[in-house]
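Down below is the structure, laid out as C-alpha coordinates.
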There are 2 protein chains.
Amino acid sequence: MANHDTKLSLIFQALSDPTRRAMLAHLSQGAVPVSELARPTGLALPTVMRHLQVLEDAALISTEKTGRTRMCSARPETLSATMDWMSEQRAIWVARTDRLEAMLKTLGEKDT
Amino acid sequence: MANHDTKLSLIFQALSDPTRRAMLAHLSQGAVPVSELARPTGLALPTVMRHLQVLEDAALISTEKTGRTRMCSARPETLSATMDWMSEQRAIWVARTDRLEAMLKTLGEKDT
DNA sequence: CTGTTACTTAGCATTATGGCTAATCATGAC
DNA sequence: GTCATGATTAGCCATAATGCTAAGTAACAG
(Lines give C-alpha, C1' and ligand atoms only; values in the text may rest on other atoms or scores of the structure.)
Protein backbone atom coordinates (compact mmCIF):
# COMPACT_ATOMS: atom_id res chain seq x y z
CA MET A 1 0.00 0.00 0.00
CA ALA A 2 1.26 3.41 -0.93
CA ASN A 3 2.29 5.99 1.57
CA HIS A 4 -0.54 7.90 3.25
CA ASP A 5 0.95 11.16 2.13
CA THR A 6 1.09 9.98 -1.46
CA LYS A 7 -2.55 8.97 -1.31
CA LEU A 8 -3.54 12.40 -0.02
CA SER A 9 -1.62 14.01 -2.87
CA LEU A 10 -3.45 11.88 -5.42
CA ILE A 11 -6.83 12.68 -3.91
CA PHE A 12 -6.32 16.44 -3.68
CA GLN A 13 -4.79 16.49 -7.14
CA ALA A 14 -7.83 14.65 -8.47
CA LEU A 15 -10.24 17.03 -6.72
CA SER A 16 -8.42 20.11 -7.98
CA ASP A 17 -9.98 19.91 -11.43
CA PRO A 18 -13.51 21.29 -11.95
CA THR A 19 -14.28 18.76 -14.67
CA ARG A 20 -13.43 15.91 -12.34
CA ARG A 21 -15.49 17.42 -9.53
CA ALA A 22 -18.41 17.71 -11.94
CA MET A 23 -17.99 14.06 -12.86
CA LEU A 24 -17.99 13.10 -9.20
CA ALA A 25 -21.14 15.12 -8.65
CA HIS A 26 -22.71 13.36 -11.60
CA LEU A 27 -21.82 10.02 -10.01
CA SER A 28 -23.81 10.89 -6.92
CA GLN A 29 -26.78 9.89 -9.02
CA GLY A 30 -25.40 6.38 -9.08
CA ALA A 31 -23.27 4.24 -11.37
CA VAL A 32 -22.95 5.63 -14.87
CA PRO A 33 -21.24 4.40 -18.05
CA VAL A 34 -18.25 6.31 -19.39
CA SER A 35 -20.01 7.84 -22.37
CA GLU A 36 -22.86 9.23 -20.29
CA LEU A 37 -20.32 10.70 -17.91
CA ALA A 38 -18.54 12.25 -20.88
CA ARG A 39 -21.55 13.82 -22.57
CA PRO A 40 -22.21 16.81 -20.24
CA THR A 41 -18.52 17.72 -20.16
CA GLY A 42 -18.31 18.39 -23.90
CA LEU A 43 -14.83 16.84 -23.90
CA ALA A 44 -13.48 14.17 -26.21
CA LEU A 45 -13.76 10.62 -24.90
CA PRO A 46 -10.02 10.00 -24.51
CA THR A 47 -9.80 13.15 -22.43
CA VAL A 48 -12.57 11.93 -20.17
CA MET A 49 -10.87 8.55 -19.91
CA ARG A 50 -7.81 10.22 -18.49
CA HIS A 51 -9.86 12.11 -15.93
CA LEU A 52 -11.41 8.81 -14.93
CA GLN A 53 -7.97 7.28 -14.57
CA VAL A 54 -6.96 10.07 -12.22
CA LEU A 55 -10.10 9.63 -10.15
CA GLU A 56 -9.63 5.88 -9.99
CA ASP A 57 -5.95 6.16 -9.05
CA ALA A 58 -7.06 8.40 -6.20
CA ALA A 59 -9.63 5.78 -5.17
CA LEU A 60 -12.39 8.35 -5.54
CA ILE A 61 -14.24 6.12 -7.97
CA SER A 62 -14.24 2.49 -8.96
CA THR A 63 -15.04 1.17 -12.43
CA GLU A 64 -16.02 -2.17 -13.82
CA LYS A 65 -16.37 -3.25 -17.38
CA THR A 66 -19.13 -5.58 -18.46
CA GLY A 67 -19.47 -6.30 -22.13
CA ARG A 68 -18.30 -3.21 -23.90
CA THR A 69 -19.52 -0.62 -21.41
CA ARG A 70 -17.61 0.46 -18.32
CA MET A 71 -19.65 1.53 -15.32
CA CYS A 72 -18.25 4.09 -12.91
CA SER A 73 -19.29 4.67 -9.31
CA ALA A 74 -18.23 6.93 -6.47
CA ARG A 75 -16.30 5.76 -3.41
CA PRO A 76 -17.50 7.90 -0.48
CA GLU A 77 -15.09 6.29 1.99
CA THR A 78 -12.17 8.01 0.27
CA LEU A 79 -13.78 11.39 0.75
CA SER A 80 -14.31 10.49 4.40
CA ALA A 81 -10.67 9.63 4.90
CA THR A 82 -9.66 12.92 3.34
CA MET A 83 -12.04 14.83 5.55
CA ASP A 84 -10.43 13.17 8.52
CA TRP A 85 -7.10 14.64 7.57
CA MET A 86 -8.58 18.10 7.11
CA SER A 87 -10.55 17.87 10.27
CA GLU A 88 -7.39 16.96 12.18
CA GLN A 89 -5.46 19.87 10.74
CA ARG A 90 -8.23 22.30 11.47
CA ALA A 91 -8.62 21.03 14.99
CA ILE A 92 -4.96 21.72 15.75
CA TRP A 93 -5.17 25.20 14.29
CA VAL A 94 -8.35 26.05 16.08
CA ALA A 95 -7.10 24.67 19.37
CA ARG A 96 -4.10 26.92 19.07
CA THR A 97 -6.19 29.94 18.19
CA ASP A 98 -8.43 29.25 21.17
CA ARG A 99 -5.47 28.99 23.52
CA LEU A 100 -4.15 32.25 22.11
CA GLU A 101 -7.48 33.97 22.56
CA ALA A 102 -7.81 32.64 26.07
CA MET A 103 -4.34 33.95 26.86
CA LEU A 104 -5.13 37.35 25.41
CA LYS A 105 -8.38 37.45 27.33
CA THR A 106 -6.59 36.57 30.56
CA LEU A 107 -4.05 39.29 29.95
CA GLY A 108 -6.87 41.69 29.21
CA GLU A 109 -8.57 40.86 32.50
CA LYS A 110 -5.37 41.27 34.41
CA ASP A 111 -5.08 44.64 32.75
CA THR A 112 -8.49 45.77 33.96
CA MET B 1 -15.01 37.55 -5.43
CA ALA B 2 -13.98 34.66 -7.60
CA ASN B 3 -16.27 31.84 -8.52
CA HIS B 4 -16.82 29.24 -5.81
CA ASP B 5 -15.67 26.51 -8.14
CA THR B 6 -12.46 28.38 -8.91
CA LYS B 7 -11.78 28.77 -5.21
CA LEU B 8 -12.21 25.05 -4.63
CA SER B 9 -9.78 24.35 -7.46
CA LEU B 10 -7.18 26.63 -5.93
CA ILE B 11 -7.59 25.05 -2.51
CA PHE B 12 -7.37 21.45 -3.67
CA GLN B 13 -4.49 22.30 -5.97
CA ALA B 14 -2.67 23.89 -3.05
CA LEU B 15 -3.31 20.88 -0.82
CA SER B 16 -2.13 18.42 -3.46
CA ASP B 17 1.56 19.05 -2.76
CA PRO B 18 3.21 17.31 0.21
CA THR B 19 5.61 20.18 0.77
CA ARG B 20 2.74 22.60 1.08
CA ARG B 21 0.85 20.28 3.40
CA ALA B 22 3.97 20.04 5.55
CA MET B 23 4.19 23.81 5.64
CA LEU B 24 0.56 24.02 6.71
CA ALA B 25 1.21 21.49 9.45
CA HIS B 26 4.17 23.56 10.56
CA LEU B 27 1.91 26.60 10.77
CA SER B 28 -0.32 24.84 13.24
CA GLN B 29 2.36 25.78 15.75
CA GLY B 30 1.48 29.40 15.12
CA ALA B 31 2.72 32.25 12.96
CA VAL B 32 6.15 31.67 11.51
CA PRO B 33 8.51 33.76 9.35
CA VAL B 34 9.25 32.62 5.80
CA SER B 35 12.78 31.49 6.47
CA GLU B 36 11.83 29.31 9.40
CA LEU B 37 9.09 27.77 7.28
CA ALA B 38 11.65 27.12 4.58
CA ARG B 39 14.32 25.50 6.74
CA PRO B 40 12.77 22.07 7.36
CA THR B 41 11.83 21.69 3.69
CA GLY B 42 15.41 21.84 2.48
CA LEU B 43 14.24 23.86 -0.51
CA ALA B 44 15.64 27.12 -1.83
CA LEU B 45 13.91 30.24 -0.57
CA PRO B 46 12.43 31.30 -3.93
CA THR B 47 10.89 27.85 -4.25
CA VAL B 48 9.31 28.18 -0.84
CA MET B 49 8.06 31.63 -1.76
CA ARG B 50 6.15 30.16 -4.65
CA HIS B 51 4.56 27.54 -2.44
CA LEU B 52 3.53 30.31 -0.09
CA GLN B 53 2.02 32.23 -2.97
CA VAL B 54 -0.05 29.21 -3.91
CA LEU B 55 -1.22 28.75 -0.34
CA GLU B 56 -2.07 32.41 0.00
CA ASP B 57 -3.95 32.50 -3.32
CA ALA B 58 -5.98 29.60 -2.02
CA ALA B 59 -6.67 31.56 1.18
CA LEU B 60 -5.18 28.73 3.22
CA ILE B 61 -2.71 31.09 4.83
CA SER B 62 -2.32 34.80 5.32
CA THR B 63 0.95 36.64 5.51
CA GLU B 64 2.03 40.01 6.76
CA LYS B 65 5.33 41.73 6.41
CA THR B 66 6.78 43.77 9.23
CA GLY B 67 10.27 45.13 8.83
CA ARG B 68 12.10 42.65 6.66
CA THR B 69 10.44 39.50 7.91
CA ARG B 70 7.14 38.13 6.63
CA MET B 71 5.03 36.20 9.09
CA CYS B 72 2.76 33.45 7.82
CA SER B 73 -0.28 32.02 9.58
CA ALA B 74 -2.92 29.42 8.83
CA ARG B 75 -6.54 30.24 7.96
CA PRO B 76 -8.66 27.42 9.38
CA GLU B 77 -11.90 28.84 8.01
CA THR B 78 -10.82 27.97 4.49
CA LEU B 79 -10.34 24.35 5.47
CA SER B 80 -13.77 24.43 7.04
CA ALA B 81 -15.36 25.71 3.85
CA THR B 82 -13.66 22.99 1.87
CA MET B 83 -14.84 20.34 4.28
CA ASP B 84 -18.34 21.63 3.80
CA TRP B 85 -18.14 20.86 0.11
CA MET B 86 -16.76 17.39 0.74
CA SER B 87 -19.25 16.70 3.42
CA GLU B 88 -22.07 17.67 1.07
CA GLN B 89 -20.81 15.41 -1.69
CA ARG B 90 -20.37 12.52 0.65
CA ALA B 91 -23.81 13.01 2.14
CA ILE B 92 -25.41 12.71 -1.29
CA TRP B 93 -23.44 9.58 -2.12
CA VAL B 94 -24.11 7.97 1.20
CA ALA B 95 -27.79 8.86 1.10
CA ARG B 96 -28.01 7.14 -2.24
CA THR B 97 -26.13 4.10 -1.04
CA ASP B 98 -28.41 3.89 2.00
CA ARG B 99 -31.49 4.08 -0.18
CA LEU B 100 -30.07 1.38 -2.37
CA GLU B 101 -29.31 -0.84 0.58
CA ALA B 102 -32.74 -0.23 2.04
CA MET B 103 -34.27 -1.18 -1.26
CA LEU B 104 -32.20 -4.33 -1.53
CA LYS B 105 -33.10 -5.23 2.02
CA THR B 106 -36.79 -4.72 1.33
CA LEU B 107 -36.55 -6.89 -1.73
CA GLY B 108 -34.73 -9.49 0.31
CA GLU B 109 -37.45 -9.51 2.97
CA LYS B 110 -40.16 -9.85 0.37
CA ASP B 111 -38.20 -12.78 -0.92
CA THR B 112 -38.22 -14.57 2.44
C1' DC C 1 -19.37 -11.88 -41.35
C1' DT C 2 -20.12 -6.99 -41.52
C1' DG C 3 -21.13 -2.86 -39.45
C1' DT C 4 -21.86 -0.10 -35.37
C1' DT C 5 -21.03 1.09 -30.76
C1' DA C 6 -18.18 1.81 -26.76
C1' DC C 7 -14.10 2.17 -25.26
C1' DT C 8 -8.92 2.20 -25.60
C1' DT C 9 -4.21 3.34 -27.10
C1' DA C 10 -0.74 6.25 -29.23
C1' DG C 11 1.05 10.38 -30.17
C1' DC C 12 1.13 15.41 -30.28
C1' DA C 13 0.71 20.52 -28.73
C1' DT C 14 0.23 23.73 -25.12
C1' DT C 15 0.41 25.24 -20.61
C1' DA C 16 1.23 24.69 -15.69
C1' DT C 17 4.16 23.13 -11.86
C1' DG C 18 8.17 22.62 -9.11
C1' DG C 19 12.81 23.00 -8.75
C1' DC C 20 17.18 25.85 -9.32
C1' DT C 21 20.70 30.12 -9.49
C1' DA C 22 21.81 34.83 -9.79
C1' DA C 23 20.77 39.30 -9.00
C1' DT C 24 17.99 42.88 -6.59
C1' DC C 25 15.62 45.37 -2.75
C1' DA C 26 14.87 46.77 1.89
C1' DT C 27 15.72 46.84 6.70
C1' DG C 28 18.32 46.57 10.72
C1' DA C 29 23.05 46.41 13.02
C1' DC C 30 27.63 48.53 13.45
C1' DG D 1 27.62 54.92 5.42
C1' DT D 2 28.54 49.92 5.07
C1' DC D 3 27.47 45.43 5.58
C1' DA D 4 24.75 41.47 6.67
C1' DT D 5 20.18 39.42 6.57
C1' DG D 6 15.53 38.27 4.97
C1' DA D 7 12.79 38.47 1.29
C1' DT D 8 11.83 39.12 -3.55
C1' DT D 9 12.22 39.14 -8.73
C1' DA D 10 13.75 37.32 -13.10
C1' DG D 11 14.87 33.72 -15.81
C1' DC D 12 16.00 28.97 -16.80
C1' DC D 13 15.12 23.81 -17.03
C1' DA D 14 12.61 19.40 -16.60
C1' DT D 15 8.46 17.18 -15.94
C1' DA D 16 3.52 16.63 -15.51
C1' DA D 17 -1.22 17.93 -16.75
C1' DT D 18 -4.95 18.79 -20.04
C1' DG D 19 -6.66 19.07 -24.26
C1' DC D 20 -6.87 17.09 -29.10
C1' DT D 21 -7.08 13.63 -33.40
C1' DA D 22 -6.44 9.31 -35.48
C1' DA D 23 -6.21 4.67 -35.33
C1' DG D 24 -7.13 0.27 -32.89
C1' DT D 25 -9.81 -3.37 -30.17
C1' DA D 26 -13.91 -5.77 -28.57
C1' DA D 27 -18.66 -6.84 -28.15
C1' DC D 28 -23.23 -6.80 -29.82
C1' DA D 29 -26.82 -6.45 -33.79
C1' DG D 30 -28.42 -7.91 -38.10
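Here is the naming used below: chain letters follow the sequence lines, and residue numbers restart at 1 for every chain.
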### Message
For the backbone of B:L37 and the side chain of B:T41, can you confirm whether one donor and one acceptor N or O come within less than 3.5 Å of each other?
### Response
no
The correct set of residues in residues 10-20 of chain B placing a heavy atom under 4.0 Å from DNA chain C is B:Q13, B:D17, B:R20
Ranking A:P46 and A:G67 by the position along DNA chain D of their nearest nucleotide, the one closer to 5' is A:P46
Rounding to 0.5 Å, atoms CE (B:M86) and CD1 (A:I11) come to a distance of 7.5 Å
To the nearest angstrom, the CD-P distance between A:Q53 and C:dA10 comes to 13 Å
Rounded to whole Å, the CG-P distance (B:D57 to C:dG18) equals 12 Å
In whole angstroms, the gap separating C1' of D:dA16 from NE2 of A:H51 amounts to 14 Å
Closest non-hydrogen atoms of B:L24 and A:W93, given as atom of the first, atom of the second and distance, are O-NE1, 3.6 Å
What N/O pairs connect the protein and nucleotides 2-7 of chain C at under 3.5 Å? Give each pair on its own line.
| unit_1 | atom_1 | unit_2 | atom_2 | d |
| --- | --- | --- | --- | --- |
| C:dT5 | O4' | A:R68 | NH1 | 3.2 |
| C:dT5 | O2 | A:R68 | NH1 | 2.6 |
| C:dA6 | O3' | A:R68 | O | 3.2 |
| C:dC7 | OP1 | A:R70 | N | 3.4 |
| C:dC7 | OP2 | A:S35 | N | 3.1 |
| C:dC7 | OP2 | A:S35 | OG | 2.7 |
| C:dC7 | O3' | A:K65 | NZ | 3.4 |

In short, side-chain hydrogen bond (donor to acceptor under 3.5 Å, both in side chains) pairs touching residues 22-35 of chain A with sequence neighbours left out are none
Residues pairing under salt bridge (charged side-chain N to carboxylate O under 4.0 Å, His left out) where one sits in residues 13-38 of chain B, two or more places apart or in two chains, turn out to be A:D5-B:R21
Applied to residues 65-90 of chain A, the salt bridge (charged side-chain N to carboxylate O under 4.0 Å, His left out) test, sequence neighbours excluded, yields A:R75-A:E77
To the nearest angstrom, the CG-C1' distance between B:L52 and C:dT17 comes to 16 Å
note: A:L37, atom CG; C:dT8, atom P; distance rounded to Å ~ 12 Å
Shortest non-hydrogen pair, B:L27 vs B:C72, comes out as CD2-O, 3.3 Å
So ring pair (Phe, Tyr, Trp, His ring centres under 6.0 Å) across residues 38-74 of chain B, not counting sequence neighbours, yields none
